Student: 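I have a structure here, written as structure tokens, and I will follow up with some questions on it.
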Amino acid sequence: MLDIVILAAGKGTRMRSAKPKVLHTLAGKAFVSHVIDRSHELDANGIKVIVGHGAELVEQRLAGPGIEFVQQTEQLGTGHAVQQVLPLLNAEATVLILYGDVPLIKTETLRHLCKKVSESSMGLLTIELENPMGYGRIVREDDAVTAIVEQKDCSEEQLLIREINTGVMAVKGKHLLQWLPALSNNNAQGEYYLTDLIAMARAAGITVETTQPTGESEVMGVNNRQQQAELERIYQREIADQLMVEGLTMMDPARFDCRGNLQVGSDCVVDVNCIFEGKVVLGNNVYIGANCTIKDSVIADNTEIKANSVLEEAELEADCVVGPYARLRPGSKLAQGAKIGNFVETKKVQIGKGSKVNHLSYVGDAELGEGVNVGAGTITCNYDGVNKHKTIISDDVFVGSNTALVAPVTIAQGTTIAAGSTITHSSEKNQLIVARSKQRHINGWQRPQKPKK
Ligand code: UD1
Ligand code: CA
């Protein structure tokens with residue numbers, strides 16, 4: 001049985017923010033939510049989040065199945081924080097202690113650590129650092145861990161130790177129930193140190209077994225915006241590396257952001273400065289040009305999204321071409337071989353096979369059949385100020401440039417709409433419809449003249 005305790009009460013003064021630190025984000029997701037996701041992957045029995053600063057906000061954001069909140073109204077130290085959950089701890093459970101501001105911890109590392117817990121042992125995650133400044137040092141005697149000493153409490157000799165406490169540990173519930181009430185704050189910071197457990201374990205004949213993370217980034221905490229940005233790049237690089245392993249060509253993995261989940265087929269190419277949000281699925285041989293933002297969309301084989309396009313909740317079948325500078329808003333569905341060109345905005349629209357909206361248009365609340373050609377500057381006037389209405393354009397319709405289609409309206413198959421028309425009535429098959437003022441000719445027209453000086 002596994003109980004997880006996440007420390008998330010701190011204010012994060014150095015973030016200089018009105019928002020509690022653990023709600024600041026990495027890859028678009030709160031730091032603490034990364035930690036909660038890992039906890040779920042471990043099949044925890046219960047996840048207990050210790051909240052203090054901005055508790056209400058944190059609780060609101062994190063509420064979910066299996067999550068309990070425990071208040072730590074005054075932050076008197078990491079040991080004091082864990083003391084707050086004592087009444088909720090199960091003596092027989094393994095208790096894993098995590099930090100809401102250490103977002104990149106890996107599930108495998110934690111699994112490994114939890115395996116070190118038994119009736120006679122506990123697990124401690126440590127790492128050797130070039131520069132251990134600021135961290136609690138791991139003190140060993142004949143290899144066995146005997147204590148953790150905080151930087152401010154270290155002797156000259158202890159300051160030279162490079163193996164440090166990451167803070168992450170796993171302990172049998174019954175051991176925490178025994179040891180935590182005995183913590184004192186008799187130290188340089190006047191805090192109840194969780195780290196004092198280690199010496200207590202030693203005294204009780206419980207061995208402290210250490211394991212290490214795969215890299216430093218896993219245990220890096222965020223205290224300020226610089227560290228946040230640093231971790232963001234590390235994390236994005238990890239995602240990029242994984243995608244490249246899966247066969248994605250990236251023009252520059254350093255200029256790439258995935259804030260969600262990106263799935264790629266074979267031979268896709270992503271040019272620089274693209275942002276992927278939510279769940280995005282690319283088929284095979286998809287090309288995404290520079291500076292695109294793509295959110296919650298599915299793009300099928302051989303489709304090309306040219307530079308500077310923005311897609312949200314769009315579904316594109318194979319062989320489509322979109323952009324440059326296109327905006328596909330939620331509900332945009334393109335059938336095979338459809339084309340959306342520059343400065344075209346679509347919303348809640350179905351574009352049939354091989355149909356084209358190539359220039360400067362707004363097409364919303366509409367259904368387009370196959371082989372439709374929509375000329376430059378076409379607008380579906382879908383909104384009367386209160387209600388939205390639908391425009392239906394059947395197969396093989398030709399919409400002349402600068403047409404306004406006042407919905408609700410249905411254009412029948414094979415209709416040709418003359419350029420500059422304002423269409424308010426539906427058409428019948430294969431008609432030419434012209435709805436513009438007649439051109440008049442006035443002979444010998446005198447233009448107004450500027451008065452001569
Ligand atoms: C702690 C460890 C140190 C370790 C380091 C790793 C202790 C005494 N020291 O030091 O050995 O090397 O982490 O980063 O544990 N928190 C609360 N309530 C509190 C105090 C802290 O929720 O009363 C939270 C903080 O918000 C933070 C985390 O616990 O997320 C760590 O607290 P912090 O005071 O930063 O610990 P360190 O001094 O860095
Ligand atoms: Ca501190």
Side-chain angles (χ1 to χ4, degrees), residues 4-15 17 19-24 26 30-36 48-55 58-59 62 69-86 96-105 124-129 131-139 145 147-154 158-159 161-169 171 176 179-180 183-201 208 210 212-213 216-224 227-228 231:
I4 293 183
V5 176
I6 302 174
L7 275 62
K11 181 163 185 231
T13 311
R14 283 171 285 166
M15 293 299 281
S17 169
K19 196 160 70 171
K21 176 164 76 172
V22 293
L23 293 186
H24 283 266
L26 194 75
F31 299 152
V32 63
S33 298
H34 286 268
V35 180
I36 287 177
K48 294 159 181 58
V49 183
I50 299 173
V51 293
H53 282 282
V58 177
E59 290 185 30
L62 303 184
F69 298 96
V70 179
Q71 295 280 339
Q72 185 196 21
T73 35
E74 260 186 305
Q75 279 75 56
L76 302 180
T78 49
H80 178 258
V82 182
Q83 277 174 354
Q84 309 311 303
V85 292
L86 274 186
L96 173 61
I97 297 167
L98 301 176
Y99 297 80
D101 59 354
V102 182
L104 294 188
I105 191 78
L124 181 67
L125 193 67
T126 70
I127 187 171
E128 281 210 17
L129 296 181
N131 176 11
M133 177 71 183
Y135 290 98
R137 306 299 204 281
I138 306 295
V139 178
V145 177
I148 298 175
V149 183
E150 291 304 297
Q151 165 91 23
K152 286 184 180 152
D153 301 290
C154 275
Q158 286 166 335
L159 285 174
I161 299 172
R162 294 199 301 124
E163 186 186 10
I164 62 99
N165 173 34
T166 64
V168 176
M169 60 177 80
V171 192
L176 285 178
W179 301 333
L180 279 177
L183 288 179
S184 91
N185 63 353
N186 184 16
N187 52 51
Q189 299 186 85
E191 287 180 11
Y192 295 90
Y193 290 164
L194 183 62
T195 45
D196 285 351
L197 287 192
I198 303 306
M200 291 178 174
V208 178
T210 58
Q212 280 70 44
E216 198 182 328
S217 63
E218 271 196 66
V219 293
M220 279 164 70
V222 183
N223 292 306
N224 56 42
Q227 289 170 341
Q228 178 184 20
L231 275 200

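Start at 1 and go down the list; that is how both ligands and their atoms are numbered. No experiment lies behind these values; they were computed from the predicted model shown.
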Student: For G136, take its heavy atoms, then give the atoms of ligand 1 lying under 4.0 Å from any of them.
Tutor: 3 (C), 4 (C), 11 (O), 12 (O)
Student: I50: heavy atom below 4.0 Å from ligand 1, yes or no?
Tutor: no
Student: Does I164, backbone or side chain, put an N or O under 3.5 Å from an N or O of ligand 1?
Tutor: no
Student: Under 3.5 Å, side chain of R137 to main-chain N/O of I164, donor-acceptor pair present?
Tutor: no
Student: At less than 4.0 angstrom from any non-hydrogen atom of L76, what atoms of ligand 1 do you find?
Tutor: 23 (O)
Student: Any nitrogen or oxygen of L7, side chain or backbone, less than 3.5 Å from one on ligand 1?
Tutor: no
Student: Just which atoms of ligand 1 are under 4.0 Å from any heavy atom in G10?
Tutor: 22 (O), 26 (O)
Student: Backbone N or O of L26 within a donor-acceptor pair of the H34 side chain at under 3.5 Å?
Tutor: yes
Student: Taking C-beta and beyond as the side chain, do L197 and I148 meet within less than 4.5 Å on heavy atoms?
Tutor: no
Student: Counting distance only, does the side-chain N/O of D153 pair as donor-acceptor with the main-chain N or O of A188 below 3.5 Å?
Tutor: yes
Student: So, H80 and Q72: side-chain donor and acceptor under 3.5 Å apart, yes or no?
Tutor: yes
Student: Between ligand 1 and A81, is the shortest N or O to N or O distance under 3.5 Å?
Tutor: no
Student: Can you find an N or O of D101 that's nearer than 3.5 Å to an N or O of ligand 1?
Tutor: yes
Student: For T166, counting its heavy atoms only, list the atoms of ligand 1 lying under 4.0 Å from any of them.
Tutor: 6 (C)
Student: What part of Y99 sits under 4.0 Å from ligand 1 if we count only heavy atoms: the side chain, the backbone, both or neither?
Tutor: side chain
Student: Scan side-chain atoms only and decide if Q212 and E218 contain a donor-acceptor pair under the 3.5 Å cut-off.
Tutor: no
Student: Can you find an N or O of E150 that's nearer than 3.5 Å to an N or O of ligand 1?
Tutor: yes
Student: Does an N or O from G77, backbone or side chain, lie closer than 3.5 Å to an N or O of ligand 1?
Tutor: yes
Student: N165 to ligand 1: N or O pair under 3.5 Å?
Tutor: yes
Student: So, the side chain of T78 versus the backbone of L194: is there a donor-acceptor pair under 3.5 Å, distance only?
Tutor: yes
Student: Counting each atom of ligand 1 from 1 as listed, which ones have a heavy atom of Y193 under 4.0 Å away?
Tutor: 8 (C)
Student: Taking N or O atoms only and a 3.5 Å limit, does Q72 qualify as a polar contact for ligand 1?
Tutor: yes
Student: Treating N187 as the side-chain partner and E191 as the backbone partner, does any N or O pair qualify as donor plus acceptor under 3.5 Å?
Tutor: yes
Student: Check whether any side-chain heavy atom of L124 lies under 4.5 Å from a side-chain heavy atom of N165, and answer yes or no.
Tutor: yes
Student: Between ligand 1 and T78, is the shortest N or O to N or O distance under 3.5 Å?
Tutor: yes
Student: Any side-chain heavy atom of L98 within less than 4.5 Å of one from V5?
Tutor: no
